[in-house]
Number of protein chains: 2
Amino acid sequence: MSETTRAPARIRSLPSWLLGRAAARGHRLVAEALAQVGMRMMHHAVLSAVAELGPVSQAELGRSLSIDPKDMVAILNDLQNDGLVTRAPDAKDRRKNAIALSPSGKRRLIQTERLGREANDELTAALTPAERTQLMGLLVRIVQPEEPCVETDPSSE
Amino acid sequence: MSETTRAPARIRSLPSWLLGRAAARGHRLVAEALAQVGMRMMHHAVLSAVAELGPVSQAELGRSLSIDPKDMVAILNDLQNDGLVTRAPDAKDRRKNAIALSPSGKRRLIQTERLGREANDELTAALTPAERTQLMGLLVRIVQPEEPCVETDPSSE
DNA sequence: GAAAGATCGTAGGGAGCCCCAACGATTTTC
DNA sequence: GAAAATCGTTGGGGCTCCCTACGATCTTTC
């Protein structure tokens with residue numbers, strides 16, 4: 001054995017493993033922070049997406065955030081029960097539900113955005129701002145292939 | 001709204017979100033590759049760790065890889081049923097099981113290491129070797145706080 | 001206009017990873 | 001020797017993701 005790999009594991013040298021561990025820590029930090037206001041990560045993500053996209057269907061929310069339609073139902077049930085979003089039938093397409101942010105949803109979003117930001121600051125505490133930007137750039141290029149990013153399709157309009 | 005955030009989501013600008021998406025893709029690529037030989041990611045991780053650490057207890061394996069003891073039981077049951085590892089009671093500490101690699105386990109590990117490497121190459125295909133190294137360095141510093149890495153504790157010996 | 005296909009919301013089951021609690025057996029500590 | 005800690009095991013549960021299916025609705029095609 002000419003290698004000098006006395007390190008705990010060859011596994012740790014694989015990007016997929018490190019990504020998994022880093023993501024697990026990020027998820028845990030964010031989840032713990034959001035639990036302070038009784039919310040979970042996906043709840044905040046949906047709330048934030050609704051705020052940006054305006055009244056939007058559940059299907060489009062799911063595509064934007066890579067959330068399973070089944071899970072989306074449960075998430076929106078929670079958010080609706082808490083009065084954070086409104087779920088009204090879309091007049092133009094009666095299959096769809098128009099999800100919109102309520103006033104208390106806007107207020108809650110301000111809280112959760114702060115909590116999410118703080119958790120991410122703790123997650124990347126060991127990194128300089130430049131390194132954090134660097135990391136984001138690298139991650140985007142890894143995620144890219146599976147994030148169509150709702151490209152403006154000329155054939156649909 | 002004076003902001004120019006017409007981007008799909010503020011969520012995507014959070015490290016935790018990008019880490020989650022990148023990790024999801026990595027997990028999917030590796031899982032698909034390992035499925036070719038009927039194995040899962042954790043199976044390969046355990047196999048690789050056993051190869052490095054030699055005969056080792058289940059508890060230490062779990063700590064090394066951050067695997068829940070409950071899941072470790074199931075994983076080792078699978079590996080043992082496939083004849084890839086041996087699980088013998090430790091003579092020195094009869095609470096422990098000494099997990100060791102079998103000859104067929106060594107052979108299987110060669111396969112899974114190649115599959116894992118290829119999947120990670122595809123995962124980081126958009127990155128140059130230098131960027132990949134850069135990414136690994138940044139990730140290590142994010143994961144660090146939760147990976148004690150079995151530091152030699154002077155108080156225990 | 002009618003039939004075929006696609007999409008939407010909802011629901012079912014399940015796999016894989018993660019966390020918490022508990023138990024008998026065993027080892028270590030006091 | 002008694003108490004505390006550890007080991008392997010089992011239990012339950014939560015979260016993310018995947019596949020299937022259904023009725024209702026919209027779109028496409030004939």
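Below, chain A is the first sequence line, B the second, and so on; all start at residue 1. These numbers come from the heavy atoms of this one structure, side chains and all, not from hydrogens, waters or symmetry mates.
Side-chain atoms of A/I142 and B/R21, non-hydrogen and from C-beta on, never get closer than 4.5 Å to each other. Within the 4.5 Å cutoff, the side chain of A/D78 has heavy atoms near those of the A/H43 side chain. Taking 4.5 Å as the limit, every side-chain heavy atom of A/L79 sits out of range of all side-chain heavy atoms of A/R87.
If you measure from atom CD1 of B/I67 to atom P of C/dC17, you get 8 Å, rounded to the nearest angstrom. The interatomic distance linking B/R28 (CZ) with C/dC17 (P) rounds to 15 Å, in whole Å. One can place CG of B/L29 at 15 Å from C1' of D/dC17, the figure rounded to the nearest angstrom. One can place CE of B/M39 at 18 Å from P of C/dA15, the figure rounded to the nearest angstrom. One interatomic measurement links the two molecules: CG of A/L61 to C1' of C/dG9, which rounds to 13 Å at whole-angstrom precision.
Within the structure, salt bridge (charged side-chain N to carboxylate O under 4.0 Å, His left out) pairs that include any residue of residues 112-130 of chain A comprise A/E113-B/R10, A/R114-A/E118, A/D121-A/R132 (at least two apart or interchain).
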*Please report the C-alpha distance between B/Q134 and A/L138 in whole Å, then the side-chain angles of each, then the deciding distance to 0.1 Å, and finally whether the side chain to side chain contact (heavy atoms under 4.5 Å, CB included) criterion is met.*
CA-CA 9 Å; B/Q134 205 174 46; A/L138 294 173; 3.9 Å; yes
_As a quick check of understanding, evaluate side chain to side chain contact (heavy atoms under 4.5 Å, CB included) for B/L115 and B/V30, giving each step before the final call._
CA-CA 8 Å; B/L115 292 171; B/V30 172; over 6 Å; no
*Sugar-phosphate means primed atoms, P, OP1 and OP2; the rest is base. With that split, encode nucleotides 3-16 of chain D 5' to 3' as B, S or - using protein heavy atoms under 4.0 Å.*
--BBSSBBBB--SS
